[in-house]
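Notes to accompany the following structure.
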Amino acid sequence: MRNPMASKMKIKFKKKNFENLSRRKSPKASTSKAKHRKPIHRIRVDWHQYFMNIAAEVASRSTCDRKHVGAVIVRDKTILSTGYNGSVRGLPHCDDVGHMMEDNHCVATIHAEANAIIQAAKNGVRVDGADIYITASPCWNCFKIVTNAGIKNIYYGEFYRDDRIFDAAKRLGMFVRQIMVHKTR
């Protein structure tokens, strides 16, 4: 036996949907209202800050607790490779066994920019003509590696040790610029 209440509910439900349909606004009415709404304000970082923020995230993978550095190699707004400072593959990390110090510098790690170039080479990615974003300016040895890899522009977060890179970059026609790393967390 059918429940008489169920059939009434169906009718009410259908009638309610029909009423809602008749109350719909025409497409013109809804678009004209949208034009006059204030846009929601959001901050969209520029490309340089975007890649520097990614370099900061890459630095979080660092295995040398003396300094966490990340690097991102970019060409045409496309990430080609990343790297962070860490031990030689297969050897223990500084975080686990301590540092190998020479002249107040840990020599157990491979620097972030060198690791990014190595990763690109390992994966068959050409970095010639690219830019590099590094959370710290390159040391002299890494500057030489970056230069010989054909990287044209260096963007760095904080200054690290060696100001020889600035004079050499100028003589080589390279562009070197500091971009502050904004903490996103």
Side-chain angles (χ1 to χ4, degrees), residues 42-91 93-95 99-185:
R42 70 178 177 99
I43 298 171
R44 186 173 185 207
V45 297
D46 67 17
W47 286 105
H48 294 298
Q49 194 62 59
Y50 171 72
F51 292 123
M52 190 57 77
N53 290 349
I54 293 171
E57 189 65 28
V58 171
S60 71
R61 290 281 307 152
S62 173
T63 61
C64 183
D65 57 7
R66 294 191 78 235
K67 187 154 198 69
H68 292 212
V69 181
V72 178
I73 300 175
V74 175
R75 186 176 45 247
D76 299 328
K77 298 178 182 163
T78 301
I79 296 172
L80 304 176
S81 183
T82 65
Y84 54 87
N85 58 322
S87 296
V88 173
R89 224 176 262 238
L91 293 181
H93 302 297
C94 296
D95 289 355
H99 304 281
M100 187 185 302
M101 300 298 293
E102 288 181 13
D103 298 325
N104 200 28
H105 189 74
C106 181
V107 296
T109 63
I110 300 172
H111 289 190
E113 49 273 64
N115 264 331
I117 292 167
I118 291 165
Q119 284 304 310
K122 185 176 177 188
N123 293 308
V125 177
R126 183 178 63 88
V127 297
D128 189 43
D131 300 335
I132 190 165
Y133 293 82
I134 320 163
T135 56
S137 61
C139 68
W140 181 243
N141 285 329
C142 286
F143 174 80
K144 294 184 290 185
I145 292 168
V146 165
T147 301
N148 277 9
I151 292 173
K152 298 296 178 198
N153 301 307
I154 299 172
Y155 300 95
Y156 68 93
E158 66 175 279
F159 175 73
Y160 176 71
R161 291 187 188 222
D162 207 327
D163 59 1
R164 291 181 285 185
I165 66 168
F166 301 111
D167 182 49
K170 185 184 268 186
R171 288 187 288 150
L172 293 168
M174 291 178 75
F175 183 72
V176 178
R177 179 176 146 205
Q178 184 174 27
I179 297 174
M180 298 311 294
V181 178
H182 298 298
K183 301 290 183 196
T184 56
R185 293 181 185 185

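Quick note: residue numbers are just sequence positions, from 1.
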Qualifying ring-ring contact (aromatic ring centres under 6.0 Å, His included) pairs, either residue in residues 70-89, two or more places apart:
none
Any sub-3.5 Å donor-acceptor pair from T147's side-chain atoms to I145's backbone N or O?
no
Counting only N and O atoms by type, is there a donor-acceptor contact under 3.5 Å from the side chain of N85 to the main-chain atoms of V69?
yes
Quick one: salt bridge (Lys or Arg N to Asp or Glu O under 4.0 Å) pairs with a partner in residues 168-177, sequence neighbours left out?
D167-R171
Could you state the interatomic distance from SG (C64) to CE (M100), rounded to the nearest 0.5 Å?
11.0 Å
Test your reading of the model: is there a side-chain donor-acceptor pair from R75 to the backbone of D128, 3.5 Å cut-off?
yes
Side chain to side chain donor-acceptor pair (under 3.5 Å) with R164: which residues, sequence neighbours excluded?
D162
Is it the case that atom NE2 in H48 sees more than 12 heavy atoms from other parts of the structure closer than 6.0 Å?
yes
Looking at M101, I want to see if its CE is surrounded by more than 12 non-hydrogen atoms of other residues, nucleotides or ligands under 6.0 Å.
yes
Around atom CZ of R161, are there more than 12 heavy atoms of other residues, nucleotides or ligands at under 6.0 Å?
yes
Just by distance, do the side chain of D65 and the backbone of D95 share a donor-acceptor pair under 3.5 Å?
no
With sequence neighbours left out, which residue pairs that include part of residues 44-55 fulfil the salt bridge (Lys or Arg N to Asp or Glu O under 4.0 Å) condition?
none
Do Q119 and N115 have a side chain donor and acceptor closer than 3.5 Å?
no
Heavy-atom count check: over 12 atoms from other residues, nucleotides or ligands less than 6.0 Å from Y160 OH?
yes
Is a side-chain N or O of T135 found less than 3.5 angstrom from the main chain of A56, in a donor-acceptor match?
no
In a table with atom names and distances, give each donor-acceptor pair under 3.5 Å that connects a side chain of residues 148-159 to protein atoms at least two apart or in another chain.
unit_1 : atom_1 : unit_2 : atom_2 : d
N153   : ND2    : D131   : OD1    : 2.7
E158   : OE1    : K67    : NZ     : 2.9
E158   : OE2    : K67    : NZ     : 3.3

Spacing of H111 atom NE2 and C139 atom SG [to the nearest 0.5 Å]
5.0 Å
So the ring-ring contact (aromatic ring centres under 6.0 Å, His included) pairs with at least one residue in residues 51-82 (sequence neighbours excluded) are W47-F51, F51-Y133
